[in-house]
Amino acid sequence: YITRHGYWAARSGFRPLALSAWGSDIARPDFDKNDLRIAMFALGWADLAHTGDESGKARLIELGCRPENVFIQPWGVDTERFSPSARSADVRAKLLGGRDGLIVTIAYALEKQYNVAELVKAAPLVLEKRQDVKFLIIGDGSERKNLEKLAADLNVRDSVIFQGRVPNSEMHTHLASSDVYVDTYYSQTGGGGIGVAVMEALACGMPVVAAARPGVELGVSEGHNGYLYKTGDS
């Protein structure tokens, strides 16, 4: 993390210093003045800063990194693990209770900045159209109880599965066994990128519904392999 490990690496004075910077360490909406000062110090000292796309590069330059020191290398996915062939009838049967239906999946830490509540709020709207949908929420965090209460208040608790954390060794099976992947994370600041879970879901052959943000359009093509929505619009 740029504002923690990256800062202390820069303070050590050691060179050459290479930092990796993407996601919430440079793109989160609650970037306060202290984090800004720390990030600018670390990136100003770095001999190389690695990020995932052009919007990330623009953000690093905004934070004081010299343009010639930015190295863009997009995330990659192990397509032998994350592929449609990982689909499991047993996993689907367990999640759907042995019945036919659709599984809509999201995988995030259950913290406010990832906006998972937007999916829970969308659930009753989807269930009005068809009742055989299960919403699989993979992850855990400080917002879990609030999200469970929200699902109960909206009368969709029976349709929302709070799976908790899933080991990385099992993620490919859960993703490939789902039908739609949802990504609710949003930042108007570049650097958040497409997100590894989105790329893994696409590799598994799943369409993705994602909050429109800088970088996500590199993988999600509107109307082709998914849809982008305006954040906040469940």
Answer with yes or no whether the hydrophobic clustering places [X] together with [Y]; edges join I, L, V, M, F, W, Y residues whose side-chain heavy atoms lie under 4.5 Å apart.
| X | Y | result |
| --- | --- | --- |
| Leu228 | Leu218 | no |
| Tyr7 | Met40 | no |
| Val116 | Phe162 | yes |
| Leu119 | Leu127 | yes |
| Val91 | Phe82 | yes |

In Å and rounded to the nearest 0.5 Å, what is the [atom1] to [atom2] distance from [X] to [Y]?
| X | Y | atom1 | atom2 | value |
| --- | --- | --- | --- | --- |
| Cys204 | Arg81 | SG | CZ | 9.0 Å |
| Ile26 | Leu19 | CD1 | CG | 11.0 Å |
| Arg92 | Ser177 | CZ | OG | 7.0 Å |
| Leu43 | Leu63 | CG | CG | 6.0 Å |
| Lys121 | Leu147 | NZ | CG | 10.0 Å |
| Thr173 | Arg87 | OG1 | CZ | 12.0 Å |

Could you check whether [Y] and [X], counting side-chain N and O atoms only, form a donor-acceptor pair closer than 3.5 Å?
| X | Y | answer |
| --- | --- | --- |
| Asn115 | Tyr108 | no |
| Asn146 | Glu143 | yes |
| Glu118 | Tyr229 | yes |
| Ser55 | Asp53 | yes |

* Over-ring placement of Arg11 relative to Trp45, 6.0 Å and 45° cut-offs ->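 That pair does not qualify as a cation-pi contact.
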Compare all side-chain heavy atoms of [X] with those of [Y] and state whether any distance is below 4.5 angstrom.
| X | Y | answer |
| --- | --- | --- |
| Asn69 | Leu48 | no |
| Val180 | Leu102 | no |
| Val216 | Asp183 | no |
| Met199 | Val196 | no |
| Ser83 | Thr79 | no |

Taking atom [atom1] of [X] as the centre, does the number of heavy atoms from other residues, nucleotides or ligands within less than 6.0 Å exceed 12?
| X | atom1 | value |
| --- | --- | --- |
| Asp100 | CG | no |
| Glu170 | CD | yes |
| Tyr227 | OH | no |
| Gln131 | CD | yes |

Any ion pair linking [Y] and [X] (charged N to carboxylate O, less than 4.0 Å)?
| X | Y | answer |
| --- | --- | --- |
| Asp153 | Lys149 | yes |
| Lys145 | Glu148 | no |
| Asp25 | Arg59 | no |
| Arg15 | Asp47 | yes |

Minimum heavy-atom separation for [X] and [Y], please, with both atom names.
| X | Y | answer |
| --- | --- | --- |
| Pro214 | Ser187 | CD-O, 3.2 Å |
| Val182 | Ile106 | O-CG1, 3.2 Å |
| Ala21 | Thr51 | O-OG1, 2.8 Å |
| Ile38 | Ile2 | CG2-O, 4.4 Å |
| Gly215 | Ile194 | O-CB, 3.9 Å |
| Val120 | Ile137 | CG2-CD1, 4.0 Å |

* Hey, mind stepping through Tyr181 and Leu175 against side chain to side chain contact (heavy atoms under 4.5 Å, CB included) and telling me if it holds? -> CA-CA 8 Å; Tyr181 187 80; Leu175 290 176; 3.8 Å; yes
* **side chain to side chain contact (heavy atoms under 4.5 Å, CB included) evaluation trace for Gln163 with His174** => CA-CA 10 Å; Gln163 186 78 1; His174 281 72; 3.6 Å; yes
Under 3.5 Å, is there a donor-acceptor pair between the side chain of [X] and the main chain of [Y]?
| X | Y | value |
| --- | --- | --- |
| Glu111 | Ser142 | yes |
| Arg157 | Val160 | yes |
| Lys134 | Gly97 | no |

* To do: Please report the C-alpha distance between Val104 and Val126 in whole Å, then the side-chain angles of each, then the deciding distance to 0.1 Å, and finally whether the side chain to side chain contact (heavy atoms under 4.5 Å, CB included) criterion is met.
  => CA-CA 10 Å; Val104 177; Val126 174; 5.8 Å; no
* Which word best sums up how the rings of His50 and Phe71 line up, parallel for under 30°, tilted for 30 to 60°, or perpendicular for over 60°? ->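 Tilted.
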* Asked: What class does the angle between the rings of Tyr185 and Tyr114 fall in, given that below 30° is parallel, 30 to 60° is tilted and above 60° is perpendicular?
  ->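 Tilted.
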